[in-house]
Every structure is written in C-alpha cells, then in structure tokens.
There are 2 protein chains.
Amino acid sequence: MINYTNNLREHNLKATPQRLAITDILYTKGHISVEVLYEMMQKKFYSISLATIYKNINLMIENSFIQEVKIPNAKSVYELTKEEHSHLVCQKCNEVLDIKIDLDSIVTKTSDAYHFNIKNSNLILSGLCQNCQ
Amino acid sequence: MINYTNNLREHNLKATPQRLAITDILYTKGHISVEVLYEMMQKKFYSISLATIYKNINLMIENSFIQEVKIPNAKSVYELTKEEHSHLVCQKCNEVLDIKIDLDSIVTKTSDAYHFNIKNSNLILSGLCQNCQ
DNA sequence: TATTAAAAGAAAATAATTATCCTTTAAGGG
DNA sequence: CCCTTAAAGGATAATTATTTTCTTTTAATA
Ligand SMILES: [Mn+2]
Ligand SMILES: [Mn+2]
Ligand SMILES: [Zn+2]
Ligand SMILES: [Zn+2]
C-alpha cells in the first residue's frame with residue numbers, strides 16, 4: 001500500500017488514516033460509488049461513520065483531489081483527479097474504463113461556433129464490453 | 001399551445017392534462033429540472049402532487065418519451081427525446097444548449113480499440129456563454 | 001510534549017425520491 | 001353517449017440519500 005500522505009497534503013487535506021484508506025481504495029479500484037466505498041471502508045474501520053465518507057468526498061472534491069463521474073442511468077462514481085480523459089462504460093457489468101480521446105478540434109470548433117469559452121469536456125461512451133456482448 | 005395527445009399516445013402514455021402540460025413545458029423550455037418543472041406545474045394545477053411529477057418523469061423515461069441529462073456539478077435536467085445530440089452548458093447562468101457534433105469516427109475508433117459495442121455517446125461541454133464571460 | 005484547528009463518530013435533521021392507498025379519469029366498447 | 005376498467009392523480013407515509021450538529025479524538029506544528 002503506497003503512502004499517500006503527501007498527495008493529500010498537497011491538496012490541503014490532513015492525512016488521516018481514513019483518508020489514506022479512501023485514497024488507496026480509489027487508487028486500486030479506479031472508480032467507485034459512495035456505497036461501495038463505504039462497504040470497503042467498514043472492513044478497515046470497524047465503526048466508521050457514513051458521514052465521514054460524505055464529508056471526505058465533498059471536501060476532496062472541493063480541493064480537486066478527486067472528481068465525480070456522472071454516468072447515464074447509473075450511480076455516480078468517484079476517482080482520483082488525473083489528466084482530463086473520457087470514459088467507456090459497460091451497461092451490463094458497470095465496468096468503467098478511462099480512455100484518452102482528443103477532443104481539441106471539437107472544443108475549438110464549438111467554442112467558435114457558439115461563442116462559448118469552454119472549460120471542460122465530458123464524454124461518456126456507453127455500451128457492452130467484450131465479455132458482456 | 002400545441003396538442004401533444006398523439007405524441008404521448010405513441011409512447012403508450014395516456015394523455016392526461018398534467019402530462020400535456022409537462023410536455024408543453026418541456027417543449028417550450030427545452031431542458032428543465034424537477035424542481036422548476038414542479039414550480040411551473042403548480043401554476044397550472046393548484047394542487048398537483050410532487051409525486052405526480054416524479055411518477056410521470058419516471059414513466060416517460062421508461063417509455064423513451066423524455067430523457068435525463070446529467071450535468072457535471074449541477075442538477076439533472078430533462079428533455080423531450082430527440083435525435084442524439086450533445087450539450088453545451090454555461091457554468092454561470094446554467095443555460096443548456098443542444099449542439100450537433102459528429103462523434104461517429106470517435107465511436108468507431110473506440111469501439112475497435114477496446115472491443116466495445118458502443119450504443120450511446122454522451123458529450124457535455126461546460127464553460128461560459130457569451131453573456132457570462 | 002502542549003496547543004489547537006480540523007476531523008471522526010453518533011445521532012438528528014433535511015432533502016430527494018418512491019410507495020401506498022384511496023379517488024378520479026382517460027380510453028375504448030357497446 | 002353511457003359503462004367499465006386499468007391507469008393516473010393527490011395526499012401522505014415511507015424510504016433513501018445526504019447534510020448538519022455536537023461531542024470526542026487526533027494530526028499538525030511549534
Ligand atoms: Mn476516470
Ligand atoms: Mn438536449
Ligand atoms: Zn461488461
Ligand atoms: Zn451564461
């Protein structure tokens with residue numbers, strides 16, 4: 001288990017055992033929902049409060065340490081902040097994959113066409129993974 | 001106010017006054033949240049129940065008459081089902097615009113690269129509209 | 001090692017959504 | 001047009017999701 005103390009501190013987050021565990025789970029699993037995170041945390045912390053999960057998720061989002069991924073027709077998942085990327089989601093097994101897609105030309109064209117100052121792009125492709133089709 | 005009776009029936013939805021009004025609001029506003037829809041409906045139906053709003057939204061989604069649009073860092077909005085399109089969202093005034101972007105080549109490339117059978121693509125570009133920047 | 005602001009945990013409160021139950025009504029057949 | 005009936009609406013309760021409050025514990029630092 002990697003030590004994430006400094007990663008947390010760089011985002012102005014105290015490195016508590018609970019946060020280190022959340023970070024480790026996110027690192028290992030990649031994308032995780034609130035309820036699954038809570039279940040996994042309960043295995044490590046006998047009496048962790050669900051409020052601790054929510055408070056940490058919210059604070060970590062505020063401090064850009066993690067990000068929410070809103071998936072069509074499914075619960076949100078959370079992931080450690082990394083460079084901008086898109087997602088591939090299996091509608092059957094709910095696997096979530098990071099994919100790198102160049103959206104620059106789309107963003108540029110759209111910015112010009114609509115006089116929008118586009119700051120973020122969010123692309124989710126949904127379907128069936130190899131196993132599920 | 002257009003008559004949406006047949007549109008509803010084509011989706012196996014009884015054409016009640018409440019549903020006709022919901023449809024009219026969606027048609028007029030384009031994209032709307034649950035709470036705003038409820039407020040607008042209350043002006044037309046003195047004692048409409050919030051449960052009626054939720055039950056209709058859910059049933060209309062099931063019957064593909066409307067669709068949910070999940071927006072990063074904001075509440076979901078709902079819209080009448082139309083041909084697949086992407087969205088441009090202003091992070092300040094929350095305006096939601098429909099945009100037509102060709103994602104075919106991205107979808108094809110990604111399908112091949114990851115052996116995914118991609119069924120839906122969902123692109124949201126967020127930033128500041130002309131007025132808000 | 002002492003200080004302190006922040007975090008954790010427990011529980012209550014609030015918000016969001018769904019279910020239940022009874023009344024009303026849209027739709028279709030006669 | 002009436003009748004019939006399954007479905008929908010409204011009121012309210014129940015459930016689920018999330019946030020707040022308050023007290024205790026602890027990470028950070030000096
Ligand atoms: Mn990701
Ligand atoms: Mn739209
Ligand atoms: Zn799958
Ligand atoms: Zn704007």
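Quick note on labels: first sequence line is chain A, next is B, and so on, each numbered from 1.
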Can you tell me if A/T52 uses its side chain to pair, donor with acceptor, with the backbone of A/I48 under 3.5 Å? no
Verify the cluster assignment for A/I71 and A/I61: are they in a single hydrophobic cluster under the rule of side-chain heavy atoms below 4.5 Å apart? no
Please state whether the phosphate of D/dA7, meaning OP1 or OP2, lies under 4.0 angstrom from any side-chain nitrogen or oxygen of B/N12. no
Rounded off to whole Å, could you give me the NZ-to-P distance for the A/K75 and C/dT17 pair? 13 Å
Does anything in residues 61-72 of chain B come within less than 4.0 Å of DNA chain C? Heavy atoms only, and list the residues if so. none
Taking the nucleotide of DNA chain C with the closest heavy atom to each, which residue, A/S49 or A/L59, is nearer the 5' end? A/L59
Is it the case that the side chain of A/K70 and the backbone of A/K75 share a donor-acceptor pair, with hydrogens and angles ignored and the cut-off at 3.5 Å? no
Does atom NZ of B/K44 have more than 12 heavy-atom neighbours from other groups under 6.0 Å away? yes
Take atom CG in A/N58; do more than 12 heavy atoms of anything else shown fall under 6.0 Å from it? yes
Closest approach of B/G30 and B/E79, non-hydrogen atoms and distance? O-CB, 3.3 Å
So, taking the atom named CG in A/D102 and the one named OG in A/S86, what distance separates them when rounded to the nearest 0.5 Å? 10.0 Å
Sub-3.5 Å donor-acceptor pair from the side chain of A/K100 to the main-chain atoms of A/E84, do we have one? yes
Atom-pair distance (CD on A/E39; P on D/dA17), nearest Å: 12 Å
Find the distance B/L8:CG to C/dA26:P and express it as a whole number of Å. 13 Å
I'd like a table of donor-acceptor pairs (distance under 3.5 Å, sequence neighbours excluded) in which one partner is a side-chain atom from residues 109-117 of chain A, with atom names and distances.
from	atom 1	to	atom 2	distance (Å)
A/T110	OG1	A/I106	O	2.7
A/S111	OG	A/V107	O	2.8

B/I57 CD1 - D/dG9 P separation (whole Å): 12 Å
Sorted by number, residues from residues 14-25 of chain B placing a heavy atom under 4.0 Å from DNA chain D are B/K14, B/T16, B/Q18, B/R19
Please find the pair of heavy atoms, one from B/A15 and one from B/L8, that lie closest to each other, and give the distance. CA-CD1, 3.9 Å
Length of the line joining B/H11:NE2 and C/dA27:P, which is rounded to integer Å: 16 Å
Write down the distance between CD1 (A/I53) and P (C/dA8), rounded to a whole number of angstrom. 9 Å
Starting at atom CE of A/M60, determine the distance to atom C1' of C/dA8, rounded to an integer number of angstrom. 13 Å
Here the residues of residues 41-48 of chain A within 4.0 Å heavy-atom distance, strictly under, of DNA chain D are none
Show me the protein contacts with nucleotides 19-22 of chain D, counting only N or O atoms at under 3.5 Å.
from	atom 1	to	atom 2	distance (Å)
D/dT19	OP2	A/N58	ND2	2.9

Going by the angle between their ring planes, with limits at 30° and 60°, are B/H31 and B/H87 parallel, tilted or perpendicular? perpendicular
Evaluate whether atom NZ of B/K82 has more than 12 neighbouring non-hydrogen atoms of other residues, nucleotides or ligands under 6.0 angstrom away. yes
Surrounding CG of A/N63 (heavy atoms of other residues, nucleotides or ligands, distance under 6.0 Å), is the total greater than 12? yes
How about CZ on A/F45, more than 12 heavy atoms from neighbouring residues, nucleotides or ligands closer than 6.0 Å, or not? yes
For the helix from C/dT1-D/dA30 to C/dG30-D/dC1, how many degrees between its two end axes (five pairs per end), to the nearest 10°? 50°
Taking B/T81 for its side chain and B/S64 for its backbone only, find out whether a donor-acceptor pair lies under 3.5 Å. yes
Taking every heavy atom of B/N122 against every heavy atom of A/P72, the minimum-distance pair comes out as ND2-CG, 3.7 Å
Rounded to whole angstroms, how far apart are CG on A/L13 and P on D/dT26? 19 Å
